[in-house]
Amino acid sequence: AEPKTSFKIGWSIYAGWMPWPYAEQAGIVKKWADKYGIEIQIVQVNDYVESVTQYAAGQLDGVTVANMDALTIPAAQGHDTTAIIVGDYSNGNDGVLLKGSDQLSAIKGRQVNLVELSVSHYLLARALEKEGLALTDVRTVNTADADIASAFTSPQVTAAVAWNPQLTTMMQQPDAHLVFSSKDIPGEILDLLVVDTKAVEANPNLGKALAGIWYETLALMEQQNEAGAKARAAMAELAGTTPAMFDSQLATTFLYVDPKAAVEATRSPTLIENMTRVRDFSFAQGLFGQGASSADAIGMAFPGGKTLGDTNNITLRFDDSFMQMAADGAL
Amino acid sequence: MTALLSFKDVWVEYGDKIVLERINLTIEEGAFVSVIGPSGAGKSSLLRLALGQEAPTRGTILLDDIPLAPECGPDRGVVFQHYSVFPHLTALGNVMFGLECAQSPLLAKLTGAARRQAREEAAAMLEEVGLKEAMHSYPAQMSGGMQQRLAIAQALIKRPRILLLDEPFGALDPGIRNDMHQLITRLWTDYKLTVIMVTHDIGEAFKLGTRVLTLDKWRHDPHAPHRYGAKVVYDIPLERNKQESLSQDDATQPLSIVPDDAGITIDRFDNN
Amino acid sequence: MTALLSFKDVWVEYGDKIVLERINLTIEEGAFVSVIGPSGAGKSSLLRLALGQEAPTRGTILLDDIPLAPECGPDRGVVFQHYSVFPHLTALGNVMFGLECAQSPLLAKLTGAARRQAREEAAAMLEEVGLKEAMHSYPAQMSGGMQQRLAIAQALIKRPRILLLDEPFGALDPGIRNDMHQLITRLWTDYKLTVIMVTHDIGEAFKLGTRVLTLDKWRHDPHAPHRYGAKVVYDIPLERNKQESLSQDDATQPLSIVPDDAGITIDRFDNN
Amino acid sequence: MRWVNRHVSRSRSAMMGAIPIVLLVVLYLVIAAERHAANPSDKILPLPGAMVEAMWGLLFVPDQLSGRLLFWADTLASLQRLFLGLGISTLSALLVGLLLGLLPPVRATFGTLVTGIAVIPPIALLPILFIAFGLGETAKVALIVIGIAPFMIRDIAGHVAALPREQILKAQTLGASTWQLMIRVALPQVLPRLIEAVRLSLGPAWVFLISAEAIAADIGLGYRIFLVRRYLAMDVILPYVAWIALLAAVLDMILVWTNRKAFPWAHGGRR
Amino acid sequence: MRWVNRHVSRSRSAMMGAIPIVLLVVLYLVIAAERHAANPSDKILPLPGAMVEAMWGLLFVPDQLSGRLLFWADTLASLQRLFLGLGISTLSALLVGLLLGLLPPVRATFGTLVTGIAVIPPIALLPILFIAFGLGETAKVALIVIGIAPFMIRDIAGHVAALPREQILKAQTLGASTWQLMIRVALPQVLPRLIEAVRLSLGPAWVFLISAEAIAADIGLGYRIFLVRRYLAMDVILPYVAWIALLAAVLDMILVWTNRKAFPWAHGGRR
Ligand SMILES: Nc1ncnc2c1ncn2[C@@H]1O[C@H](COP(=O)(O)OP(=O)(O)OP(=O)(O)O)[C@@H](O)[C@H]1O
Ligand SMILES: Nc1ncnc2c1ncn2[C@@H]1O[C@H](COP(=O)(O)OP(=O)(O)OP(=O)(O)O)[C@@H](O)[C@H]1O
Ligand SMILES: [Mg+2]
Ligand SMILES: [Mg+2]
């Protein structure tokens, strides 16, 4: 059969993913897609969770997602997923906020609003761990990500975990203190572009085109000149915010602008270390689903043939080959 | 003449209240039956049975010797006591409705020549009931008597085999009422209809009917008022009015012998 | 006697259709005015004006020499042509309603002795109209005539100063109708009510009224049927029935001189 | 016999009503089985076995953290919110609806406002709701009330305004004041319609309840659904939705039954 | 004069209707000013100046990339979805409602199903909905339809079933078949109520539209509201909500007007 040539890539609003819609509107997507003889549609899904579940359900061929969610949503469901771009890690884009205290320890016994079972939940667990507390020491209240900013204005809410752009908004509250952030656990919260393994195996041009788009756009937006500023301003507008706000969000996002750095991060053993931590937390929270009997239930593969967990059930793969091509200028 | 409609040991009960009791009645084709009786006796109930609107609690009703389905159809026309017409149609639309249903099974709307003809026919009928000038009025814009006449026109235009009238002329002044008498008698003779008419006007009952039925409670127990239902207590044939004798004659001649009501309304109160 | 209600150059129009035209009328306290006229003449419209349900297009209506507010109150009682009663109340509840409103401003519900008394009064009134046994029935369980009697009982129990009746006895058989005549005449004399009654029964109009009004179009233009409205074409005082003369007398005596309707209903058709 | 006249007895009616539902269930099973034949780990249309398994824990195994049986705790929490919201809405619909429907000046003054509130999607104004009502139970009940009360008010007001003019006039001739008219004529006649309005609002009420629970909650049927939604755990979502539908259907039946029993006059017609 | 009888002329009515709205606006301004006095950077209740500023760009400055005026593009997209959803719902309500209301066997068979669908909160089914209809326009329109059509169907069916029995009988004696009864007696009489039902559904329709746009969209009024909500940009949200309310109110007025003009018989009573 003819390999599939038309693909849908979903994205949702997050500082580290804004290059995608910009590339689409600036014609970069079309340029690369044409080059590789395929069609790529960049689809915005307003709700982050929905974008990932839609990918898991097969409605999208690729999606922008955090490492933990890639593992617990599509991969845990047996949807064989390949991360072809490691775009950035959160370097302060996620944080724990408290009202009335700048000490993390004050969180004990409080009610914490956050998007449950998300990276926020993970961040909270890591924060509590560092403080010698357990998740049972707080009461979590599931709060939708679009509403968490306004929820935090309510006097009833005294602790919350959120990511950007909401986090920036919430920090502007007079009484809010950032007591823990992803800066404290660098590299653990990764923002990826994942695609359906079968799709990219059947048509590697997809991977090539996406890598081409990504690094061209990153290079453009990193320019410290008028063109770069214009690109960033456009992204800010797409994200519904101002250029200044957007820049401040970028500052807490560690973008792997250089493909070489991305390749390096993907190959480094810390990735395996971090993924182990993520998966142990996920398993403890029951995120692998009812069928999973151990943290090893879901297998992961890394560059260089390294694996983690059940090798017979590998559903999440980190593939550095396309980033490598970008680094080599071979696209 | 043959039996068109027959009631065989028919009872109507609401809960433990007996309304009609052991009604045995045969109505011949072409008869004009006037039904009189005190308020609440069950006259309207009897008409509802004949219409097929309600099924009797016990007993059977035969139409052409076939048990009557609890369903009404175009063979029976009706004017209800609370004359109801279609509020969303003008007078003309109300009268044309029957014609349209018959001639246009799919849309019940006529066009072109057929429409013009139906319109003319309906307009003629409206003129006969004195509503020519209110042709384009909606029922809500009409007086009580006008709505009643509209209901009559609507039923008459179909020339149904059996016409069931529940106090059809109650809201009309004597002049118009007289015209209606002429109209109904003419249609009855011309189309050999069978008419059952409930009325409170005993003069009217005797003037128009070939037979006058009186419904009333046959016994009254003051301690258990609902125990006994109404029966046909008088059944007076009036040869004089029969269609044959009328055919050469003028149907609207005033009747000289209108019985006094005293003899007919037996126990006026406590009939409910 | 003094003028209770006066119409001064009153017109009623619906759009460009003139219904009532230049009505000038003075109704004295204690009068019993019968209103007759062809269907669609505007009799109900006249009552609606007196009730305050509608305001005249032109002209003024005075009650006790004060312009009538377009609002009806407990001084005026009414029985509508399409007799309407409260569907959610039993017969008893319907009749008691007026008493409850008067005696219990807050809840319109009575308790204890007051309730028992109101109940008795209402039951007595129901018995007078022959609904004793249907006391606990809802209107939907009553026949047409029973609902009409209920509406009468409901209006009468309040003994309103002015009683407006629109064909109140239309759905009743002659026996019950006669009882109603007695009842209304008794209440009228006992409580010195003023009654305006629309009827189609000319005998009834002359039997009960102290004055008979005939409403009709005064001119008819076949090319512009709506151009002319109805006026009072006859206004016949009947000294004989006046309250003074009745006080010792029996009000229900049959009248010997009932005029033929031919002279009164002038142009029967095309009144609409 | 013409279809309009084909009366269906109550027992047959129940049977016939079950047919399309059974058919839908069968259709689901067939499609689910097919999908599972193609992909045994399909999560979108789970087979009954998976649902039973997933629900078992929620139904009968106490939660580790709280020690509660989650399913029942969810149900209880949601029903409590629902009934509170419905109750407040019904009362205010009755009150405001009567005033609005009966009194032209009140209608003129507040009709536009009620329409305005009715058409403003409350979920768009959540931030303001959070400020006004906080994030606890009040906010959830408030969302239900704001979501359905304006609709119910308008429905009741419309019904009151449509009462036959003759009745209003007649009541006045019988000496009824505006207040008496309201409580003795309009109120009792509007009660059957109020129950009808509650029935019609049940669906929207659940919608707002679930939206509220999706936004911020730690228990409730809607909370659970939105929590497991991210894993596309249809084996939990579908039984939960079915359970909601069942609860709502039972409520609906109770309301229909109440209407028939409580207001004989509205149903004792000639039919 | 008793309050029931105080008729209010149309022009006065418009004036009186404006009063509470003006009062609310004033109340808002006072509270907002107070909050700003306490905290000049308060974002939750922005002052009019901030709103004008925030809206200016959306209203009049073309978007850099797409060249569209975002506000108008949002409005257009949302209205398109709304009208499609309303249209489909109205048509199906008319069709199914007539059948359900008029034919007892159909009611027996499908009544339960419609009730069932009506009480299932479509929000709970969102994941399935997006899977079934994709992330495009279809899913959004479908959510509106699933959200409001069952309600409208039940309302219309109830209204048809409540037509006076006498009319149905009379039509049959005049020779009307079931079909003719449906199109000539029930259909025209139910049309005014259908418009009423559309009016009552406008609010819920907006709710569903906004919910759909909140989850998967890249344009639309709801999308914009949820997009900027991350920044607590009430200076955009409030004007958007006001705009939605205005659009809905205008629609409502058009419907009322249509009802009066198109069905004179339903309003030409004695009143
Ligand atoms: N809303 C309206 N619009 C237009 N015309 C109307 C309206 N209401 C009443 N009419 C007309 O006013 C005239 C008088 O009506 P009214 O009900 O007063 O007659 P009536 O004398 O009581 O007749 P009936 O004896 O038949 O009851 C009628 O011709 C009627 O068509
Ligand atoms: N749904 C019902 N439930 C209980 N009783 C009823 C019901 N319908 C009618 N009845 C009773 O049946 C009796 C006969 O009613 P019907 O309408 O046939 O009387 P009628 O002879 O037509 O009286 P009228 O001359 O007053 O119209 C009445 O006493 C009435 O109370
Ligand atoms: Mg009768
Ligand atoms: Mg009249």
Side-chain angles (χ1 to χ4, degrees), chain A residues 8 10-14 21-22 24-27 41-51 53-60 144-154 162-170 172-175 230-231 233-242 245-246 249, chain E residues 35 38-45 53-54 57-58 61-68 70 74 123 126-140 143 210-238 240:
Chain A
K8 276 195 210 164
W11 69 278
S12 52
I13 291 180
Y14 173 71
Y22 174 76
E24 158 106 84
Q25 303 212 336
Q41 222 183 312
I42 303 287
V43 181
Q44 179 178 5
V45 184
N46 205 12
D47 184 275
Y48 168 63
V49 172
E50 194 59 37
S51 72
T53 51
Q54 287 294 319
Y55 164 75
Q59 298 277 317
L60 299 168
D145 62 321
D147 294 305
I148 199 156
S150 42
F152 197 63
T153 62
S154 164
W163 59 78
N164 264 328
Q166 291 91 321
L167 186 67
T168 318
T169 314
M170 290 156 75
Q172 288 166 355
Q173 283 256 110
D175 200 21
K230 219 177 136 200
M235 290 182 202
E237 191 173 334
L238 281 165
T241 187
T242 57
M245 273 266 265
F246 186 66
Q249 289 170 25
Chain E
R35 284 183 72 110
N39 170 16
S41 70
D42 180 75
K43 297 194 79 174
I44 294 183
L45 299 184
E53 205 176 301
L58 293 168
V61 184
D63 182 47
Q64 296 181 13
L65 291 168
S66 60
R68 289 185 295 193
L70 286 180
D74 284 340
I123 302 275
L126 271 182
I128 305 184
L129 216 65
F130 284 117
I131 289 166
F133 297 106
L135 287 165
E137 295 301 294
T138 326
K140 293 170 197 92
L143 184 69
I210 287 190
S211 303
E213 289 182 341
I215 286 176
D218 53 7
I219 194 144
L221 298 168
Y223 163 76
R224 193 74 48 201
I225 287 175
F226 273 75
L227 175 68
V228 303
R229 192 184 270 182
R230 293 180 169 82
Y231 313 103
L232 224 54
M234 297 306 288
D235 47 359
V236 172
I237 295 181
L238 286 182
Y240 262 72

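On a predicted model such as this, the values are computed, not experimentally measured, just so you know. Each chain gets a letter, A, B and so on, in the order the sequences are listed, and its residues count up from 1. Side-chain atoms are counted along with the backbone in the values below, which use heavy atoms only and exclude waters and symmetry mates.
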TODO: Mind ranking Ile215(E), Asp218(E), Val236(E) by heavy-atom pairs under 4.5 Å with chain A and telling me who comes out on top?
DONE: Ile215(E)
TODO: Verify side chain to side chain contact (heavy atoms under 4.5 Å, CB included) between Asp74(E) and Ile219(E), making sure each step is shown before the conclusion.
DONE: CA-CA 5 Å; Asp74(E) 284 340; Ile219(E) 194 144; 3.1 Å; yes
Task: Region of Gln166(A) in contact with chain E, defined by heavy-atom distances below 4.5 Å - done: both
Open item on the list: Please report the interatomic distance CG(Asp47(A)) to CD(Glu213(E)), rounded to the nearest 0.5 Å.
Closed with: 13.5 Å
- [ ] Could you have a look at Lys230(A), Gln173(A), Gln54(A) and say which one has the most heavy-atom pairs with chain E under 4.5 angstrom?
- [x] Gln54(A)
Task: Closest contact, heavy atoms only, Phe130(E) versus Ala212(E) - done: CZ-O, 4.2 Å
- [ ] Decide if atom CD of Glu53(E) counts as having more than 12 heavy atoms of other residues, nucleotides or ligands within a radius under 6.0 Å.
- [x] no
Task: Segment of Ala162(A) engaging chain E (4.5 angstrom heavy-atom cut-off) - done: neither
Task: Options Thr53(A), Val43(A), Leu60(A), Asp147(A), ranked by heavy-atom pairs under 4.5 Å with chain E, top entry - done: Asp147(A)
Open item on the list: Could you measure the distance from the CD1 atom of Ile148(A) to the CE atom of Met170(A)? Nearest 0.5 Å is fine.
Closed with: 4.5 Å
Open item on the list: Is Leu232(E) close to chain A through its backbone or its side chain, or both, or neither, when contacts mean heavy atoms under 4.5 Å?
Closed with: both
